[in-house]
Number of protein chains: 2
Amino acid sequence: MNPRRPVTLDDVARRAGVSRSAASRVINNAPHVSKAKRDAVLRAVQDLGYVPNASARALATNQVGAVVLALSAEDPQVFAGPFFAEVIVGVTSVLEETDLELMVMLATSARGQTRLEQLLRTRQADGVMLMSMHGDDPIARLAEQSDVPVVFGGRPVNFEPRYYVDADNRGGARLATEHLVAIGRRRIATITGRMDEGAGTARYKGYQEALAVEGLDAGRVVHGDFTEDGGGRAMAELLARHPDLDAVFVASDQMAIGALRVLKDAGKSVPGDVAVVGFNDIATARHTAPPLTTISQPIQSLGHEMARMLLTLTSGETPSPLILPTRLVQRASTTSTVTACSA
Amino acid sequence: MNPRRPVTLDDVARRAGVSRSAASRVINNAPHVSKAKRDAVLRAVQDLGYVPNASARALATNQVGAVVLALSAEDPQVFAGPFFAEVIVGVTSVLEETDLELMVMLATSARGQTRLEQLLRTRQADGVMLMSMHGDDPIARLAEQSDVPVVFGGRPVNFEPRYYVDADNRGGARLATEHLVAIGRRRIATITGRMDEGAGTARYKGYQEALAVEGLDAGRVVHGDFTEDGGGRAMAELLARHPDLDAVFVASDQMAIGALRVLKDAGKSVPGDVAVVGFNDIATARHTAPPLTTISQPIQSLGHEMARMLLTLTSGETPSPLILPTRLVQRASTTSTVTACSA
DNA sequence: CTGAAAGCGCTAACAC
DNA sequence: GTGTTAGCGCTTTCAG
C-alpha cells in the first residue's frame, strides 16, 4: 500500500519466516528448499506484491535483463516506415516469453553511435540485434568483436556477420526477374537500390543471375537510391538509354511507384508496353495504378527469428545464420498467372 | 583491452591518484573538486575507457536511467503500421539529448499487461509514455495513480489523463467537414472509427460540430472500425441508407480506401458524385484513385512532445497537456482549393 | 536443506 | 576540497 518504500526480498523473508537466501532461492526457483518454506515464501510474495528490483539483480548477477534492438543509419527517416515497427512486433513476440526487456536505440547521431559503441564494449545489455547498416559501418566490425552476443538483421555489404538473419533478397530478385521472363519479356531492365546496402547489391545479383540463366542481356541497369523520386529519375534515364525495354525489375516498391509515374507520363502502358515488378510489398503496392506485382518478405518473422537467435546465443549455444524466403505477389503490373516461392 | 574484468570507478580513481568519491564527483560533474584532480580523473577515464555501470548507479540512486514507451492494445498488428515507428523516432530525438535509454513494451498479451502493471507499481523505469488505449483499459487508471511519472499519448474515451499530448482529432475532423461544406456539399455523411477509442469519438464530434455550425444534417452516420474492409462495409451501408449523400468524411484513410472501392463499384464518381476526405495522411493516400484528401497529423511531434513532457515531469515541474494541430491535405478526392489549419 | 556473510559498482552523507 | 564510510537490494559462496 505504501509506495514510499518498495517491498524488498527481506520483507518477503521476514513475512514468510525464512532467511533471505531461502526466499531468494524460491524466487529464482533454485533447488534445496523444502516445500513448506517454498509455499510460505510464495504466499508472502503474493501478499506483499513483491517484485524483484531489476537493478539490484543486474548488479549482483552481472546480467542486465535487457536486450537492445539497434538501428544504425544516417537518416532517422529510414525508421519511419512500417518496416521497423514490424520488426519490433516480431521481436517482442518472442521476448514476451522471457523476462527480458527490449531497449531500442536509433543510432543516427554521433551521440547515438557513441552510445551504441559503449554498449558493445561495456556489456550494458545481454544481447544486441543490429539492423540496416549502410556500407562499411564501423559499428558492424565493432559488433563482431564485441563481448556481447550480437545478431545482425540483414547483411552489410562486404561483410558476412557470424550470426544473422536476412531475407532472401537475391532469391526474391531472381523470382521477380524469372517472372518477367515467364510472361514473355526479353528486354528486362532493372532499377537497383543503393549499392552500399546489402539489400541493394543482393537484389541486383539476383536480377543478373536470372537473366544469365536465360541467356538474356542484363545490361539495362540504372542505379537508384530506394526513394520514390530516385525511382522516377532512374526510370527516365532507363527510358532514354534503353527505349526498347519491355519490363523492369525495380528493387523497391517506393522506387517502383516513382517509376510507374514516369512510365505513365511517357505514355507507356503497364503492363502492356512495360511490365513492372517491385520489392517489399508495402501497403501502398496494392493501390497503385496498376496494382504492383512485387516480392514480399516476412518482416515480422525477421524480427522473430533475430530474437530467437539471440536467445540461443545467450544460452551458450551456437545458432546458424538464417535466410528467410520471399515470395512473389502477383498483381496487375505484370500479366501472367504464375506463382512461385524462393528458397 | 581485457574484456574479462570491466573498468570500474576504483580503477579510474587509482589511476588518477585520487579517492573514489573524488572520481565519482568528477563523473557526475558535481562541485568540490580541484581543477587539477578533475583533469587527472578525466584523463584516467579516457585512458581506461571507463563507462559507468548503469545497474550499480541505478541501485545506488534509485533511478533507473530508462523510460518506457508502452503500447497497450489487444491486437499486436496495431503496431505494425508506420504510426508507431514515427512516434519512436520523435521520442528518440529528444531522449538522445539525455542519458536515458528507451524501452519499448507492447502490452498485448496478458503477460505484457502484467509486466506493464508491475512496472507502474514498482518503479522499474523513470517514466512511462502510454499510448493508444482502447476503451476502458484498466492500465489507464492504474497509470494515473502510479508513483512513476506517466504521460499519455492520445486520450482514452471517458477519461482525461492529467498529462497527455494528443493530436487535435476533433479540430481535424471539423476541418475536414468544413472543407466539404466549402466545396459546396450539403448532404455530408461520415464513417466513424471505433467508438471505444478516443480518436474515434473525437473525430465524430468534430464532424457533428462542423455541421451544427452550418445548420446541416449530421444524421448520415455509420460506425466503422478503422479497417479497410470495415470502411467498405460502412460505405455500402451508407449508400443504402442515404442514397442522396454527396460527400463523406471517413475517420481514417484505411477506411477511406475501402470506401473508395465500394464507391467505384457502385458506379459513383469521386469527387463528382461523392467527395471523400480521410484522416491520417498515410503514405498510400497520395496513390489512391483518386488521391485522397485527408487530415495530416504530426505523429513525430507527438512522440517528441511526449518525451519532452515526461522529462519536465521527472524534473519535478508540472507541464500542461498538449494538443497538436492537424492540417488539411488537399488532393483529388475533393475539388475546391481551400487550405486551412486546425488549432 | 538452511542461514550467515561477503560482495556486485556506485553514490551520498559525513567528518576532516 | 577531500577521503572514509555505509549502504542501495540482490545473489552466491560457504559452513553448518
Side-chain angles (χ1 to χ4, degrees), chain A residues 2-42 44-45 48-66 99 118 121-126, chain B residues 2-42 44-45 48-66 99 118 121-126:
Chain A
N2 184 352
R4 293 308 164 203
R5 202 181 66 75
V7 180
T8 75
L9 187 54
D10 290 282
D11 297 331
V12 172
R14 208 167 304 128
R15 168 69 160 255
V18 304
S19 71
R20 188 164 70 252
S21 31
S24 175
R25 286 189 187 105
V26 172
I27 281 159
N28 302 296
N29 45 54
H32 305 304
V33 189
S34 68
K35 174 126 178 58
K37 280 198 198 299
R38 168 153 282 147
D39 290 346
V41 171
L42 258 20
V45 167
L48 269 34
Y50 169 72
V51 176
N53 178 317
S55 308
R57 180 178 285 188
L59 181 57
T61 58
N62 198 28
Q63 302 229 57
V64 182
D99 281 314
Q118 293 190 346
R121 280 200 306 107
T122 62
R123 205 173 220 311
Q124 304 277 6
D126 297 326
Chain B
N2 183 353
R4 295 306 164 201
R5 203 180 66 76
V7 181
T8 74
L9 187 54
D10 289 283
D11 297 331
V12 172
R14 208 166 305 130
R15 169 69 159 256
V18 304
S19 71
R20 187 165 69 254
S21 34
S24 175
R25 285 189 188 107
V26 172
I27 282 160
N28 301 296
N29 44 54
H32 306 303
V33 189
S34 69
K35 173 127 181 56
K37 282 199 197 297
R38 166 154 282 147
D39 290 346
V41 171
L42 257 20
V45 167
L48 269 33
Y50 169 74
V51 176
N53 179 317
S55 309
R57 181 177 285 187
L59 182 57
T61 58
N62 198 28
Q63 301 230 57
V64 182
D99 281 312
Q118 293 189 346
R121 279 201 305 109
T122 62
R123 204 171 222 310
Q124 305 277 6
D126 297 327

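All heavy atoms count here, side chains included; hydrogens, waters and symmetry mates do not.
Pairs passing the salt bridge (Lys or Arg N to Asp or Glu O under 4.0 Å) check and including a residue from residues 18-31 of chain B, sequence neighbours excluded, read D10(B)-R20(B). Identified under the salt bridge (Lys or Arg N to Asp or Glu O under 4.0 Å) test for residues 48-64 of chain B, with sequence neighbours left out: none.
First and last contacting nucleotides of DNA chain C toward chain A (any atom under 4.0 angstrom from a heavy atom, 5' to 3' order): dC1(C) to dG9(C).
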For nucleotides 4-6 of chain D, give me every protein contact, N/O to N/O, under 3.5 Å, one pair per line with atom names.
| unit_1 | atom_1 | unit_2 | atom_2 | d |
| --- | --- | --- | --- | --- |
| dT4(D) | O4 | S21(B) | OG | 3.2 |

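Taking CD of Q63(A) as the reference point, atom OG of S55(B) lies at 10.5 Å (rounded to 0.5 Å).
Evaluation of the side-chain contact (heavy atoms from CB on, under 4.5 Å) rule for L42(A) yields V26(A), R38(A) as partners, not counting sequence neighbours. The side-chain contact (heavy atoms from CB on, under 4.5 Å) test applied to A60(A) returns no partner, not counting sequence neighbours. Every residue meeting the side-chain contact (heavy atoms from CB on, under 4.5 Å) condition with A125(A), not counting sequence neighbours, appears here in chain and number order: V68(A), L119(A). Take A22(B) and apply the side-chain contact (heavy atoms from CB on, under 4.5 Å) test, not counting sequence neighbours, and it matches V18(B), S19(B).
With the end axes of the helix from dC1(C)-dG16(D) to dC16(C)-dG1(D) each set by five pairs, the angle from one to the other reads 40° at 10° resolution.
Listed in residue order, the members of residues 29-42 of chain B having a heavy atom less than 4.0 Å from DNA chain C come to none. Residues from residues 7-16 of chain A lying near DNA chain C, meaning a heavy-atom separation below 4.0 Å, are absent. Shown for residues 53-60 of chain B: residues whose heavy atoms fall under 4.0 angstrom of DNA chain C, namely N53(B), A56(B), R57(B), A60(B).
Across R121(B) and G49(A), no two heavy atoms sit closer than the pair NH1-O, 3.4 Å.
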